[in-house]
Amino acid sequence: SPYEDFAQVKMSVFSRYPQAEGEFWAGYGMKPDQDTIDEYTKLKILQVFSGISLDTYLKDNTVGAYFKRITNILKSL
C-alpha cells in the first residue's frame with residue numbers, strides 16, 4: 001500500500017523537516033486522507049517497537065524517540 005510509504009515519510013522526513021510536507025504533497029499531486037496516514041503510522045511504529053527489548057525502551061527514557069512515539073500512540077487510543 002502507498003500508505004505504508006506515506007507513514008514512513010511522515011516518521012522519517014516530516015518529523016525532522018515539517019516544512020517539507022507541503023512541497024512533498026504538491027510534488028505527489030494530492031494529499032491522501034490524513035486519518036488513514038495516521039493509522040498506518042501508528043501501525044508502523046508498533047512494528048518497530050515489536051523489535052526492541054524492554055531494556056532498550058527503558059534506557060530511552062522520557063525524552064527519547066521511542067518514548068515520544070509510544071506515548072503519542074497511547075494518547076490516541
Side-chain angles (χ1 to χ4, degrees):
S1 165
Y3 283 96
E4 291 182 51
D5 296 334
F6 300 151
Q8 190 66 42
V9 169
K10 180 179 177 178
M11 292 185 318
S12 60
V13 178
F14 300 159
S15 63
R16 292 182 191 147
Y17 309 101
Q19 71 280 4
E21 187 171 359
E23 291 181 38
F24 177 85
W25 294 123
Y28 185 71
M30 64 168 272
K31 183 175 181 182
D33 177 65
Q34 187 63 48
D35 289 338
T36 305
I37 293 171
D38 292 344
E39 290 304 311
Y40 269 86
T41 302
K42 290 177 198 174
L43 293 173
K44 199 71 167 162
I45 291 168
L46 291 173
Q47 182 182 30
V48 169
F49 282 130
S50 70
I52 66 166
S53 68
L54 178 60
D55 188 50
T56 299
Y57 173 76
L58 293 174
K59 286 179 184 175
D60 191 48
N61 71 43
T62 60
V63 295
Y66 293 134
F67 185 86
K68 288 178 187 176
R69 288 184 172 151
I70 199 69
T71 300
N72 287 336
I73 289 173
L74 293 173
K75 284 180 184 178
S76 73
L77 297 176

message = Distance check, rounded to the nearest 0.5 Å: Gln34 atom CD versus Trp25 atom CH2?
response = 7.5 Å

inquiry  = Let me confirm one number: the CZ-CE distance from Phe6 to Met11, rounded to the nearest 0.5 Å.
reply    = 14.0 Å

request  = Would you check if Phe24 and Val13 make a side-chain contact, meaning some heavy-atom pair closer than 4.5 Å?
outcome  = no

inquiry  = Nearest 0.5 angstrom please: Ile37 CD1 to Glu4 CD, how far?
reply    = 13.0 Å

query = Quick one: ring-ring contact (aromatic ring centres under 6.0 Å, His included) partners of Tyr40, sequence neighbours excluded?
reply = Tyr3

key: Which residues share a side chain to side chain contact (heavy atoms under 4.5 Å, CB included) with Leu46, sequence neighbours left out   = Ile70, Ile73

